[in-house]
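Side-chain atoms are counted along with the backbone in the values below, which use heavy atoms only and exclude waters and symmetry mates. Positions are given from 1 along the sequence.
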Amino acid sequence: MASEQPLPFAYQFAAGAIAGVSEILLMYPLDVVKTRVQLQTTKSGPDHYNGMGDAFKKIIKNEGFSRLYRGISAPILMEAPKRATKFAANDEWGKFYRRAFGIDKMNQSLSILTGATAGATESFVVVPFELVKIRLQDKASAGKYKGAMDVVAQTIRNEGVLALYNGLESTMWRHILWNAGYFGCIFQVREFLPTAKTKRDDMVNNIVAGSIGGTVGTILNTPMDVVKSRIQNSPKVAGYAPKYNWAWPACGTVMKEEGFAALYKGFVPKVMRLGPGGGVLLCVYTFVTDQFREMLRK
């Protein structure tokens with residue numbers, strides 16, 4: 001990410017892991033609300049959520065505050081390899097593409113390509129964790145599972161081990177679009193911002209660039225996130241084709257039955273998490289990599 005000499009892979013991986021866990025601890029309740037809103041298909045009823053504020057109110061009132069952190073064990077376990085893979089893969093693919101195209105420095109087009117490829121790489125790591133998280137967050141299955149490992153055990157027993165990778169295709173699209181928007185915007189926004197003269201200036205620039213990148217990435221990938229949530233929350237039953245299966249046809253089904261706006265269900269809590277969350281990620285990642293560089297110089 002920085003213009004300095006890239007760190008060894010292990011240090012990039014560790015910095016990404018620390019950044020990811022920091023972000024999830026701050027932003028997880030927004031992810032629970034986002035998932036609940038995305039999964040609802042009815043337009044009325046006592047369990048219907050009329051937006052983010054209503055979802056927070058009803059979850060806390062009817063299920064207790066702790067429900068906002070239900071399923072966090074899977075994301076906590078996931079965030080370290082997920083974010084570590086995101087940043088480490090982005091740096092490694094960046095080096096690969098610069099060598100392949102004979103380019104010394106990153107440009108915006110290369111940043112978008114690198115981000116998209118890193119997103120595809122990241123998706124292979126996160127799919128099983130995402131499936132566990134979605135099934136734990138859904139109110140309809142709240143009493144069905146005892147915890148993350150029970151989701152894994154029941155899924156394998158009832159649907160087969162490959163069912164843990166339900167939604168791989170839609171997850172790839174989600175991460176390709178988000179990372180391309182995120183890293184592409186970070187590069188461009190940094191070009192427009194004043195050159196940082198102090199560490200505080202650098203932190204502010206990272207928060208601004210990361211927040212804008214996170215917002216743009218969220219605008220691009222929310223439809224894929226909606227269909228991914230529904231695909232992963234649909235157990236496979238022998239002899240029956242699932243209603244939501246492949247990403248783009250699933251988008252068509254949602255639009256046909258619920259309208260285009262349904263593809264942006266949960267957008268407000270999602271962008272409130274991943275906009276500022278993108279800033280937190282970049283800021284913590286940059287800070288940690290700077291600390292590693294100082295440590296390696298000694």
Side-chain angles (χ1 to χ4, degrees), residues 1-2 6 9 12-13 15-24 27 31 34 75 78-98 100-101 103 106-130 133 167-191 206-229 247-248 267 270-271 273-286 288-289:
M1 298 297 302
F9 178 83
Q12 296 171 2
F13 195 88
I18 293 169
V21 172
S22 300
E23 189 269 343
I24 196 68
M27 302 293 185
D31 189 65
K34 180 264 299 183
M78 173 179 70
E79 281 304 311
K82 174 183 176 181
R83 302 304 188 184
T85 302
K86 177 191 294 294
F87 285 100
N90 187 71
D91 286 342
E92 292 300 312
W93 280 112
K95 289 187 281 188
F96 171 82
Y97 285 130
R98 286 197 299 273
F101 295 120
I103 299 173
M106 293 293 289
N107 54 46
Q108 189 179 26
S109 298
L110 206 56
S111 295
I112 293 171
L113 175 61
T114 299
T117 312
T121 305
E122 178 188 7
S123 65
F124 284 94
V125 175
V126 307
V127 172
F129 294 98
E130 281 282 326
K133 183 196 74 170
L168 173 61
E169 178 238 5
S170 57
T171 302
M172 288 186 69
W173 280 114
R174 185 185 76 156
H175 286 272
I176 287 170
L177 292 170
W178 197 87
N179 284 357
Y182 182 65
F183 287 111
C185 276
I186 284 173
F187 178 87
Q188 193 61 49
V189 171
R190 278 174 162 171
E191 291 291 301
N206 285 329
I207 291 174
V208 171
S211 297
I212 293 174
T215 299
V216 171
T218 302
I219 292 170
L220 291 174
N221 91 331
T222 295
M224 285 299 155
D225 194 38
V226 170
V227 299
K228 180 200 74 70
S229 294
W248 294 104
F267 176 75
K270 180 177 168 69
V271 79
R273 177 195 170 185
L274 294 176
V280 171
L281 276 174
L282 183 60
C283 189
V284 174
Y285 179 78
T286 304
V288 175
T289 53

Q. Where the side chain of Ser170 meets the backbone of Gly167, is there a donor-acceptor pair that is under 3.5 Å apart?
A. yes

Q | Asn221 side chain vs Arg174 backbone, donor-acceptor pair below 3.5 Å | A | yes

Going from [atom1] on [X] to [atom2] on [Y], what distance comes out if it is rounded to the nearest 0.5 angstrom?
X: Asp91; Y: Phe13; atom1: CG; atom2: CZ; value: 13.0 Å
X: Gln188; Y: Asn107; atom1: CD; atom2: CG; value: 10.0 Å
X: Ile112; Y: Ile176; atom1: CD1; atom2: CD1; value: 13.5 Å
X: Met224; Y: Leu177; atom1: CE; atom2: CG; value: 6.5 Å
X: Thr121; Y: Met172; atom1: OG1; atom2: CE; value: 8.0 Å
X: Glu23; Y: Leu282; atom1: CD; atom2: CG; value: 12.5 Å

Q: Output, in order, the C-alpha distance, side-chain angles, deciding distance and verdict of side-chain contact (heavy atoms from CB on, under 4.5 Å) for Leu113 and Phe101.
A: CA-CA 12 Å; Leu113 175 61; Phe101 295 120; 3.9 Å; yes

Q. Among Ile207, Asn206, Leu281, whose side-chain contact (heavy atoms from CB on, under 4.5 Å) with Thr286 holds?
A. Asn206

Q: Evaluate the ring planes of Phe183 and Phe87, with Trp represented by its six-membered ring, and classify them as parallel (under 30°), tilted (30 to 60°) or perpendicular (over 60°).
A: perpendicular

For [X] versus [Y], what's the shortest heavy-atom pair and its separation?
X: Ala209; Y: Ile186; value: O-CG1, 3.8 Å
X: Pro223; Y: Leu220; value: CD-O, 4.0 Å
X: Ser111; Y: Gly184; value: CB-CA, 4.1 Å
X: Met27; Y: Pro276; value: CE-CB, 3.8 Å

Under the side-chain hydrogen bond (donor to acceptor under 3.5 Å, both in side chains) test, which residues partner [X], sequence neighbours left out?
X: Thr117; result: Tyr97
X: Ser229; result: Gln38
X: Thr171; result: none

**Q.** Pair Asp225-Lys34, salt bridge (Lys or Arg N to Asp or Glu O under 4.0 Å): steps then yes or no
**A.** CA-CA 10 Å; Asp225 194 38; Lys34 180 264 299 183; 2.9 Å; yes

Are any of the side-chain heavy atoms of [X] and [Y] separated by less than 4.5 Å?
X: Tyr182; Y: Ile212; value: no
X: Tyr285; Y: Gln12; value: yes
X: Ile219; Y: Phe267; value: yes

Q: Name all residues meeting the ring pair (Phe, Tyr, Trp, His ring centres under 6.0 Å) criterion together with Phe96; count only those two or more places apart in sequence or in a different chain, and write none if there are none.
A: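 Partners of Phe96 by the ring pair (Phe, Tyr, Trp, His ring centres under 6.0 Å) criterion, ordered by chain and then number, come out as Trp93.
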
(Q) Which residues pass the ring pair (Phe, Tyr, Trp, His ring centres under 6.0 Å) test with Phe187, not counting sequence neighbours? (A) none

Q | side-chain contact (heavy atoms from CB on, under 4.5 Å) partners of Val288, counting only residues at least two apart | A |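 By the side-chain contact (heavy atoms from CB on, under 4.5 Å) rule, Val288 matches Ala15, Ile18, Val284, Phe292.
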
**Q.** Which residues share a side-chain contact (heavy atoms from CB on, under 4.5 Å) with Pro128, sequence neighbours left out
**A.** Leu164, Tyr165

Q | Partners meeting salt bridge (charged side-chain N to carboxylate O under 4.0 Å, His left out) with Glu169 (sequence neighbours left out) | A | none

Q) Residues two or more places apart in sequence or in another chain: which of them pass salt bridge (charged side-chain N to carboxylate O under 4.0 Å, His left out) with Glu122? A) Lys86

Q | N-O pairing of Asp31 and Lys133 below 4.0 Å | A | yes

